[in-house]
Structure formats: structure tokens, C-alpha cells
Amino acid sequence: MRTTLTAAGVAATALIALAGCSADSDADATDESTAGATTEASADAGAAAGADWPEEITLALIPNENVTDLVTTVEPLTSYLSDELGITVEGVVTQDYQAAVEAIGSGQAQIAIADAGSLAAAEDMYGAHAVLQDVRFGASQYASMFFTNNPDKYCDDEPVPATYGATGQEFLYCNGTASGEDNSGVGPVAVDALSKIEPGTTVAFGNTTSPAGYQLPVLALEEQGVTIDDLQQVPVTGNDTLLMAVYNGDAEVGFAYWDARSSIDATEVPDLGEKAVVFGLSEMYPNGGVVLSDELPEDLRTEITTLMDDFSEVDPETLQEIFDQTDWVPADAAAIDLAREVNARFSGQ
């Protein structure tokens with residue numbers, strides 16, 4: 001027997017029931033063949049649903065500054081899931097990633113698209129299941145890059161130009177950070193170069209919740225014996241401003257995701273790749289992804305995972321335009337474990 005898991009689902013069921021009453025009234029005036037066709041279509045629509053599957057489930061998203069109406073814009077995904085599963089999938093927008101995790105825990109959502117730290121938190125707090133990771137620029141993990149406007153101090157070799165495979169742009173790198181055919185920035189590389197940061201050095205950090213802009217660099221600095229309280233910290237928000245702080249000379253060193261220099265308009269800052277030189281990379285950190293509530297039957301979780309994994313072939317435009325990614329791939333448990341460790345370190349536990 002199917003169950004309804006959310007209050008929003010109850011409202012949706014009521015609306016469906018009202019629509020059904022109206023349809024029944026009209027059906028009295030139709031011929032028997034039309035009624036038979038309607039019954040057959042309804043049976044086909046629910047054919048994919050398991051006997052113990054809920055009638056409605058909710059997919060939680062966080063606000064996207066580039067999208068004015070995320071719920072409407074993500075409708076191709078929710079409609080696709082609804083059609084393929086034979087149950088109603090609604091999209092809701094939460095305040096932030098933490099709210100998405102709480103929605104999973106409270107039963108207000110059964111699917112959440114969130115960052116890696118939230119995937120780990122949902123697993124640990126509510127027994128949820130991290131099933132997929134985002135793929136961006138061909139990778140499901142990324143490193144924090146360490147960059148500087150003082151390469152003479154932090155580079156053991158001469159900075160060399162290399163092409164960033166994801167965009168085809170050319171930037172300067174040293175200490176072996178530009179490697180591989182696609183220059184994909186797989187870390188850790190030259191982490192020991194951080195030991196050259198002296199007390200009082202101006203260093204640009206991102207928001208304390210940012211893995212690339214703050215958390216991974218802090219862990220790497222601590223491993224090298226650098227105490228961040230001894231540094232002259234330049235707190236900024238956003239990878240663009242981190243880069244520009246170093247470019248403008250407000251900070252000697254900065255941290256951002258690999259390779260954030262591609263996010264700056266080259267027509268406005270054509271020499272960014274020369275003045276902000278990458279000299280090191282942190283260990284790899286997982287992209288965000290998809291987490292499913294343990295309330296869902298296992299066969300339904302499996303079906304949702306498969307369908308979302310296939311969405312890149314069904315509607316690649318929506319995936320790219322709304323989620324800024326090209327695919328979902330199965331979640332890497334070891335990578336999620338790293339997110340779990342970072343959570344523990346920076347949540348004060």
C-alpha cells in the first residue's frame with residue numbers, strides 16, 4: 001500500500017482528487033470507449049510504481065542566484081522523474097544546504113541536491129544515502145588551488161604557461177601543478193610550499209564554510225605548521241574576489257577551487273593568469289550530489305538513482321544550465337568520508 005510522506009504531498013493529493021471529480025462528471029457524458037482509454041492510460045502511468053512506494057515525494061534544492069524561479073526551471077527534472085516512476089515528484093527550494101539536510105531528516109523531502117558536506121551530514125544524522133556526485137569539467141572531485149602574486153617566493157621552478165583543459169585558456173603554473181594532458185589539477189601537489197608563508201603574510205581566505213576557499217587550505221596550512229592566527233587574514237566572499245585580492249596586491253596568497261581563474265572575464269582582466277600564479281594544490285574534495293532519505297524503499301532509491309544518473313542523456317541542457325554540471329556519477333564513499341572529516345573539523349566536534 002502506498003503512503004504519503006509530506007504535508008505538501010497531502011495538498012497535492014487533494015488537488016488531484018478534485019481534478020478527478022471534475023473529470024468523472026465529464027466522463028458521464030462520454031462514450032464507453034473514451035472511459036476505457038482513460039482507465040488504460042491511468043494504469044500505464046502507475047505501472048512503474050512499486051506497491052509500497054509513496055504517492056508523492058519531494059526534491060529539495062537550494063536557491064540559485066542565476067535562476068529567478070528554480071522550482072519552475074527544474075520542472076524538466078521533476079517531470080521526468082514523475083513520468084518514469086509513476087509517482088508525483090515536486091520540487092521545493094530551501095534556504096540553504098543545512099535546511100535541505102533538515103528537510104530530509106524531518107520527512108519534508110526525500111531527495112536533496114546538496115554539497116558534499118551536506119551529503120555526509122544527512123548520512124550521519126538521519127541514515128540517508130549519498131548516491132550520486134556532480135560532474136563538473138569532467139571530474140567529480142576538485143582541489144583547492146594555492147595562488148600568489150609573488151612566485152619568486154613560492155615557486156621552486158620558473159612558472160610555465162599551460163592550457164586549462166576545461167576552457168582552453170592559458171594560465172601560469174609552477175611546482176608541477178600543471179600536469180596531465182588536460183591539466184585537470186589533481187592534488188595534492190606541492191603542499192609543502194605553504195610552509196614558506198611567514199607570520200604576518202597577507203592571505204585571502206573565503207567564507208569559513210567554503211572547502212576550497214577556507215577549509216582545505218586551513219587543513220593544509222596546519223599540516224605544514226603554519227598557524228592561521230599568525231597571518232594577516234583578508235576575508236572575502238566568492239572565488240572572483242579571492243582572485244582579485246591577490247591580483248590587486250591586497251593579499252600575497254589566496255585560495256580558490258581549481259581553476260577559478262577561468263571564471264574571470266579575460267577581456268576585463270587579461271593578465272590575471274600571469275599575475276595570479278598557481279603554486280600548489282590541496283588533496284581532492286568531492287563535488288556535491290544527490291542524497292536520498294532512508295524512508296524510501298530500497299528499490300525506489302535504486303530506481304531514482306538510475307534515472308537521475310541517466311538524466312544527462314535525457315536533458316543535458318537543463319543539467320548544464322540549472323546545475324552547472326554535465327553528469328551525475330555514483331557517489332564515492334571514500335570521497336564522502338573526506339567531507340565527513342572536514343565537517344567534524346570545522347563544526348567544532
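Nothing here was measured: the structure is a model prediction, and the numbers come from that model.
Of the inter-residue distances, the one linking Glu75 atom CD with Glu90 atom CD reads 9.0 Å to the nearest 0.5 angstrom. To the nearest 0.5 Å, the span separating CD on Gln169 from CD1 on Ile264 amounts to 10.0 Å. To the nearest 0.5 Å, atom CD of residue Gln215 and atom CG of residue Leu219 are 7.5 Å apart. Taking OH from Tyr247 and CE from Met244, the interatomic distance works out to 6.0 Å, rounded to the nearest 0.5 Å. Note that CG of Asp294 is 10.5 Å distant from CD1 of Ile104, once rounded to the nearest 0.5 Å. Between atom CG of residue Leu296 and atom CD1 of residue Ile111 there is a gap of 7.0 Å, rounded to the nearest 0.5 Å.
Between Glu303 and Leu85 the shortest heavy-atom distance is CG-CD2, 3.5 Å. Closest of all the heavy-atom pairs between Arg261 and Asp259 is NH2-OD2, 2.7 Å. In plain terms, the two heavy atoms of Glu295 and Gly107 that are nearest each other are OE2-CA, 3.7 Å. Taking both residues in full, the closest heavy atoms of Ala116 and Tyr285 are given as CB-CE2, 4.0 Å, listed atom of the first, atom of the second, then distance. In terms of heavy-atom proximity, Leu231 sits nearest to Ile197 at CD2-CG2, 3.6 Å. In this structure, Leu300 and Pro54 approach most closely via the heavy-atom pair CD2-CD, 3.7 Å.
A tilted orientation is assigned to the rings of Phe171 and Tyr164, their planes being inclined by 30° to 60°. Ring-plane geometry between Phe311 and Trp328 is classed as tilted, the angle between the planes lying from 30 to 60 degrees on a 0 to 90 degree scale.
One hydrophobic cluster holds both Trp53 and Ile304 under the rule that ILVMFWY side chains link at heavy-atom gaps under 4.5 Å. Residue Leu243 is grouped with residue Val269 when hydrophobic side chains (ILVMFWY) are merged at heavy-atom distances under 4.5 angstrom, including chains of intermediate members. Val101 and Val93 are members of different hydrophobic clusters when ILVMFWY side chains are connected at heavy-atom separations under 4.5 Å. The hydrophobic clustering, which links ILVMFWY residues whose side-chain heavy atoms are closer than 4.5 Å, places Leu77 and Leu132 together. Following chains of ILVMFWY side-chain contacts shorter than 4.5 Å, one cannot reach Val135 starting from Ile336, and the two form parts of different hydrophobic clusters.
Residues satisfying the ring pair (Phe, Tyr, Trp, His ring centres under 6.0 Å) test with Tyr97, not counting sequence neighbours, are none. Taking Asp240 as the reference, nothing meets the salt bridge (Lys or Arg N to Asp or Glu O under 4.0 Å) condition, with sequence neighbours excluded. Partners of Glu341 by side-chain contact (heavy atoms from CB on, under 4.5 Å), not counting sequence neighbours, listed by chain and number: Leu338. Partners of Arg340 by salt bridge (Lys or Arg N to Asp or Glu O under 4.0 Å), not counting sequence neighbours, listed by chain and number: Glu123, Asp124, Asp337. Annotation: side-chain hydrogen bond (donor to acceptor under 3.5 Å, both in side chains) contacts of Asp327 (sequence neighbours excluded): Ser312. Remark: Tyr126 pairs with no residue by the ring pair (Phe, Tyr, Trp, His ring centres under 6.0 Å) rule, at least two apart or across chains. Legend: residues meeting side-chain hydrogen bond (donor to acceptor under 3.5 Å, both in side chains) with Thr208, ordered by chain and number and at least two apart, are absent.
Panel note: side chain Asn207, backbone Thr209; a donor-acceptor pair is recorded below 3.5 Å. Judged by distance alone, with hydrogens and angles left aside, the side-chain atoms of Ser293 form no donor-acceptor pair with the main-chain N or O of Ala128 at under 3.5 Å. Asp96 contributes a side-chain N or O that, together with a main-chain N or O of Gln98, makes up a donor-acceptor pair within less than 3.5 Å.
Met125 is listed as a side-chain neighbour of Glu102, based on a closest heavy-atom distance under 4.5 Å. Proximity of Val74 to Phe323: side-chain heavy atoms (C-beta onward) are separated by under 4.5 Å at one or more points. For the pair Leu172 and Pro161, the minimum side-chain heavy-atom distance is below 4.5 Å.
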In residues 272-279, what donor-acceptor pairs under 3.5 Å come from side-chain atoms, sequence neighbours left out?
residue	atom	partner	partner atom	Å
Lys275	NZ	Asp271	OD2	3.4

Donor-acceptor pairs are to be reported for all side-chain atoms of residues 138-149 against protein atoms at under 3.5 Å, with residues two or more places apart or in another chain.
residue	atom	partner	partner atom	Å
Ser144	OG	Ala212	O	2.7
Thr148	OG1	Asn150	N	2.9
Thr148	OG1	Glu252	O	2.7
Asn149	ND2	Val246	O	2.8
Asn149	ND2	Ala251	O	3.0

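Note on residues 216-233: pairs passing side chain to side chain donor-acceptor pair (under 3.5 Å), not counting sequence neighbours, are Glu222-Arg345. Applying the disulfide bond (SG atoms under 2.5 Å apart) rule to pairs touching residues 120-174 yields Cys155-Cys174, sequence neighbours excluded. Screening residues 191-203 for side chain to side chain donor-acceptor pair (under 3.5 Å) gives Asp156-Lys196 as the qualifying pairs, with residues at least two apart or on separate chains.
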Step-by-step side-chain contact (heavy atoms from CB on, under 4.5 Å) determination, Asn175 to Asp157: CA-CA 6 Å; Asn175 296 343; Asp157 51 16; 3.7 Å; yes
How far apart are the C-alpha atoms of Phe205 and Phe255, what are their side-chain angles, what is the distance that settles it, and do they pass the ring pair (Phe, Tyr, Trp, His ring centres under 6.0 Å) test? CA-CA 6 Å; Phe205 288 103; Phe255 307 100; 5.5 Å; yes
Under the side chain to side chain donor-acceptor pair (under 3.5 Å) rule, what do Asp115 and Ser118 come out as? Steps first, then yes or no, please. CA-CA 5 Å; Asp115 67 327; Ser118 297; 2.4 Å; yes
Pair Phe346-Val218, side-chain contact (heavy atoms from CB on, under 4.5 Å): steps then yes or no: CA-CA 10 Å; Phe346 292 98; Val218 167; 4.0 Å; yes
Take Asn287 and Phe137, measure what side-chain contact (heavy atoms from CB on, under 4.5 Å) needs, and give me the verdict at the end. CA-CA 11 Å; Asn287 290 347; Phe137 304 117; over 6 Å; no
Mind running side chain to side chain donor-acceptor pair (under 3.5 Å) on Asp265 and Thr267 for me, showing each step along the way? CA-CA 5 Å; Asp265 189 338; Thr267 61; 2.6 Å; yes
What verdict does the side-chain contact (heavy atoms from CB on, under 4.5 Å) test give for Leu59 and Ile113, after you've listed the backbone C-alpha separation in whole Å, the side-chain angles of each residue and the deciding distance to 0.1 Å? CA-CA 8 Å; Leu59 185 156; Ile113 298 175; 4.0 Å; yes
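Around atom CD of Glu170, more than 12 heavy atoms belonging to other residues, nucleotides or ligands sit under 6.0 Å away.
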